[in-house]
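Provided herewith is a single structure, encoded as structure tokens, for subsequent inquiry.
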Amino acid sequence: MNVSQLPNSLYKEDGLYAEIIIPLYLPKNYTWSVPQHLHEAIAVGKRAEVSLRNKKYTGIVKKIFTEKPAAFEPKPVLNILDNEPLLHKEQLQLWHWISDYYLCTEGEVMQAAVPSNLKLSSETILLWNEEWDEDFGSLNDEEFLVTEALHIKKELRLAEVQQILDATHAYPVIKRLIEKNVCYVWEELKEKYKEKYETFIVLNPVYHDEEKLQYLLNNWSRAPKQMELLLAYLHLMKTEGEVTQQELLKKSNASPAQLKGLIDKNILFAHKRSMDRLPSLPKDVVIDFTLSAAQQQALKEVIHAFTEKQVCLLHGVTSSGKTQLYVRLIEQYIRQGKQVLYMLPEIALTAQIIRRLQKYFGGHITIYHSKFNANERVEIWNKINSGETKVILGARSALFLPFRNLGLIIIDEEQDPSYKQQDPAPRYQARDAAVYYASLFGAKVLLGSATPSIESYHNCELGKYALVKLTERFNNAALPAIELVDTKHVISKPGEKIILTPQLKYAIENAVKKNKQVILFQNRRGYSPYLICNACGWIPHCRNCDVTLTYHKAKNKLVCHYCGTDYPVMYTCAACGSHQFNQRNFGTEKIEETLAAALPDVRVARMDYDSIKGKHDHDSLIKLFEQRRIDVLVGTQMVVKGLDFEHVNLVGILDADGILNFADFRVNERAFQLMEQVSGRAGRRDAEGEVLIQVANTNHPVLQLVKEHNYEELYKMEIANRRQFFYPPFARLIQITFKHKLSNIAEEAANLMAVALRASFDQYLSGPAEPVVNRIRNMFLWEILIKLPREAAVINNCKQQIVQQTIIIQSNPQYRSVMITADVDPV
DNA sequence: AGCACGCCGACT
DNA sequence: GTCGGCGTGCTC
């Protein structure tokens with residue numbers, strides 16, 4: 001241990017104690033004592049092996065101190081697992097900030113932050129007790145099965161026992177076996193990360209001598225296959241330089257036995273070498289473009305803004321070439337030897353952008369997102385920790401990597417909701433956490449967006465962030481012309497929406513004729529968003545989530561888009577017994593079908609959550625579209641994120657009413673952002689971009705703003721709305737805790753929420769708070785109704801009673817809690 | 001997380 | 001009467 005970490009007077013070999021974060025939901029961090037022999041090794045940020053309730057865990061040392069805790073007797077730290085700290089003080093500070101700000105434990109942050117292969121937890125192993133009297137008769141069936149297996153193997157892992165006993169009740173059986181002295185248990189920590197080895201084949205150096213090699217070949221007797229293999233090897237070596245065993249066998253069609261023959265004869269050697277899983281590219285910076293005058297100017301402004309402010313918002317219209325600006329900025333930081341974190345929403349991390357950046361930064365850049373497997377993550381982690389990697393391109397979880405001298409964080413598409421982690425704790429907003437994180441390094445943050453979030457824009461208005469605008473499209477392409485197509489007067493069946501207006505149909509035909517491509521956007525997957533009973537108007541809902549079920553034609557199922565459960569198609573109305581259902585509205589699946597019927601010569605493909613099973617499907621679909629083997633791409637939000645297609649000049653928004661009527665409390669912002677993003681896909685390389693918006697409510701104010709790309713006006717409108725009806729732009733997190741089950745408490749909870757919020761409103765609002773509070777009450781009521789049933793299902797529908805009703809702003813992990821997040825203002 | 005302990009309904 | 005599910009408390 002580094003003595004300087006201790007207060008001066010306490011170098012003495014007194015007791016040493018460590019506060020250690022373990023990846024569990026514990027009310028606070030626990031303390032372990034550090035035995036003498038680990039005094040040297042222990043340091044803040046290293047992993048420690050500790051035992052808690054007789055299970056072993058890997059934790060991170062957070063603090064080292066000498067005062068003995070009075071309240072309990074600490075157990076000893078069992079081991080220190082690292083030679084060098086895995087984390088630095090900045091990461092630990094970040095964890096602490098997140099746990100405090102977003103109301104969770106540091107253990108939960110650790111769970112999200114550290115790759116699973118670095119968090120070992122113990123494995124229970126049963127060991128055969130040689131001294132057992134082998135009285136098999138005393139065992140019941142289950143005990144006998146386990147004992148039998150153990151008798152043969154002498155050692156069983158918990159997972160194996162669970163396999164024998166079908167999982168659920170392995171523990172009681174094991175317990176009885178221990179009591180009966182059949183076995184005893186052992187807890188073992190396993191390092192899960194494994195280095196990757198590759199076997200290389202090398203020629204015995206003796207034969208580097210041309211003559212000797214010739215002699216060998218000329219005097220070859222028997223084993224003609226081996227000779228063939230050797231020749232194949234020599235050829236490969238000449239062309240590739242290095243030859244791996246795998247490659248050699250594949251290319252020569254030889255068998256491992258033949259290779260072994262050559263190795264046994266000492267002609268070839270095989271040796272194993274530890275390999276990098278990540279492809280290594282040359283560490284060059286090759287930037288082969290020049291910025292336009294407008295980009296140049298914006299870059300200058302950003303750099304200047306960073307001399308005064310920590311955060312800068314770059315508001316650039318779609319296709320203004322924000323990425324190129326980032327690239328230039330990143331270049332500057334790399335040249336200063338600083339690290340850069342470039343964050344993108346997960347969905348935008350496509351092969352397209354990755355390829356582009358790798359072209360510029362080669363081996364300096366590393367990608368990090370959830371699709372990487374655990375071993376790869378460890379390698380990325382180490383490369384950042386050692387400072388070898390300068391640039392990380394990653395999704396929100398990349399924030400937790402152990403940067404050492406971070407200089408810049410770029411958050412592209414900063415308004416994207418996927419920066420918020422919703423489901424498992426920590427529920428954090430990565431964009432805001434990044435602002436805090438950067439401040440720990442004195443690093444700068446660049447937020448980029450064509451449609452900034454209201455929060456960030458507001459921070460600019462307040463003077464907290466700097467604002468730089470980029471209003472010109474790259475290559476001087478004009479923004480696409482936006483045209484509304486009124487669907488009110490297009491004849492269709494009553495209650496049904498028109499999918500393809502004649503105007504849009506004509507425009508598609510026209511675009512395809514000109515060899516251009518088309519993107520059609522519909523914010524609904526599936527075939528029909530809901531079925532409705534013809535007789536009584538009953539609509540099938542999900543049992544768990546209480547949301548309407550979407551009909552999927554391909555699967556012939558009703559699917560809940562909230563929890564994913566599917567139900568058989570209903571033929572009988574649960575309310576009135578009628579057998580007639582109408583399909584209301586349309587989703588991507590139906591559009592695809594309609595198009596195929598209306599325009600049989602046009603090649604149509606669909607891109608949504610259903611048509612893309614693996615990451616691979618996504619990439620290959622994009623490739624097909626890029627290669628122009630598809631004319632029309634129908635899709636959900638997926639088609640808008642981070643893709644740059646050169647030949648699209650028509651974009652259709654099929655049901656703008658659906659977007660404008662979002663049952664969402666931020667209607668205008670979301671609707672504007674979505675339409676702006678979608679329409680930005682048109683005409684990125686030429687001046688002929690065209691956007692058709694099919695809409696019945698043509699007077700909606702947001703449509704006008706979309707046509708004008710008038711973000712400023714939208715912002716004003718939105719802020720005014722929030723002040724009047726909703727909530728202050730930046731409410732703090734609110735958490736309600738219930739000490740028992742949740743069910744008929746939604747109303748109650750919403751009331752409580754309203755009470756708590758009323759107080760916070762006084763700061764922001766001058767007028768009467770009542771309308772605001774009512775609106776919020778309803779909003780939270782909705783949230784709770786939607787979200788609680790899932791929670792309640794987990795906790796198994798118990799009694800309808802709140803034992804404790806408190807709204808706490810501080811965390812109290814003792815209790816089960818429901819948390820509702822509002823957007824949070826970064827400190 | 002996981003495991004022990006205590007409380008109430010089903011039942012060999 | 002007990003067996004066992006479920007809910008609650010506790011772990012350095």
Side-chain angles (χ1 to χ4, degrees), chain A residues 15-35 38 42 47-80 99 104-114 116 119-126 140-142 157-159 161-162 165 167-179 185 187-189 192 423-426 737-743 745 788 791-804 806 812-818:
Chain A
L16 206 51
Y17 302 92
E19 180 182 332
I20 294 172
I21 304 167
I22 50 176
L24 293 180
Y25 181 71
L26 296 173
K28 56 172 201 149
N29 293 328
Y30 288 160
T31 301
W32 278 263
S33 66
V34 185
L38 293 176
I42 196 166
R47 288 177 300 162
E49 179 184 339
V50 294
S51 138
L52 179 68
R53 279 264 217 220
N54 289 326
K55 272 217 165 266
K56 289 177 190 167
Y57 293 93
T58 328
I60 300 282
V61 178
K62 186 190 172 184
K63 222 163 79 186
I64 301 169
F65 54 93
T66 50
E67 301 84 57
K68 184 176 191 296
F72 52 86
E73 185 59 41
K75 287 189 189 171
V77 170
L78 300 173
N79 209 350
I80 296 295
S99 72
C104 63
T105 68
E106 285 173 284
E108 287 173 314
V109 183
M110 176 180 173
Q111 196 73 270
V114 179
S116 56
K119 301 175 292 218
L120 341 157
S121 68
S122 69
E123 191 170 34
T124 307
I125 294 178
L126 300 193
N140 70 22
D141 285 357
E142 285 181 325
R157 287 179 299 128
L158 179 61
V161 179
Q162 283 172 334
L165 297 178
T168 46
H169 50 297
Y171 276 106
V173 177
I174 292 173
K175 212 182 131 192
R176 288 200 298 273
L177 290 177
I178 296 166
E179 278 164 13
V185 287
E187 296 288 330
E188 193 177 69
L189 266 191
K192 281 191 267 177
D423 216 17
T737 48
F738 305 100
K739 199 173 170 173
H740 275 272
K741 299 308 100 53
L742 324 156
S743 51
I745 52 172
L788 282 204
E791 203 81 9
V794 176
I795 311 168
N796 258 328
N797 295 317
C798 203
K799 273 120 216 176
Q800 313 183 354
Q801 189 201 7
I802 310 174
V803 170
Q804 189 180 339
T806 350
N812 187 350
Q814 282 292 348
Y815 304 122
R816 290 173 200 282
S817 61
V818 179

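By convention in this document, chain letters (A, B, ...) are assigned in the order of the sequence lines, proteins followed by strands, and residues within each chain are numbered from 1.
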What is the distance, rounded to the nearest whole Å, between atom CD of Gln111(A) and atom C1' of dA1(B)?
-> 9 Å

Residues passing the side chain to side chain donor-acceptor pair (under 3.5 Å) test with Lys68(A), sequence neighbours excluded, are Glu73(A)

Partner set under side chain to side chain donor-acceptor pair (under 3.5 Å) for Asn29(A), not counting sequence neighbours | Glu19(A), Glu106(A)

Rounded to the nearest Å, what distance is computed from the OH atom of residue Tyr25(A) to the P atom of nucleotide dG9(C)?
-> 13 Å

Between dC12(C) (C1') and Ile20(A) (CD1): distance, integer Å = 9 Å

Contact summary for Gly59(A) and Ile20(A), nearest pair of heavy atoms | CA-CG2, 3.6 Å

Gap between atoms CD and P, on Glu108(A) and dA1(B) respectively (whole Å) | 7 Å

To the nearest angstrom, how far is Ile22(A) atom CD1 from dC12(C) atom P?
-> 8 Å

Scanning both residues in full, the closest heavy-atom pair of Val61(A) with Ala18(A) reads CG1-CB, 4.3 Å

May I have the distance from Met110(A) (atom CE) to dA1(B) (atom P), rounded to whole angstrom?
-> 14 Å

Tyr57(A) atom OH is separated from dC12(C) atom C1', nearest whole Å, by 13 Å

Listed nucleotide nearest any side-chain atom of Lys55(A), set dT11(C), dC3(B), dA1(B) = dC3(B)

Provide, to the nearest angstrom, the distance between the OH atom belonging to Tyr30(A) and the P atom belonging to dG2(B).
-> 15 Å

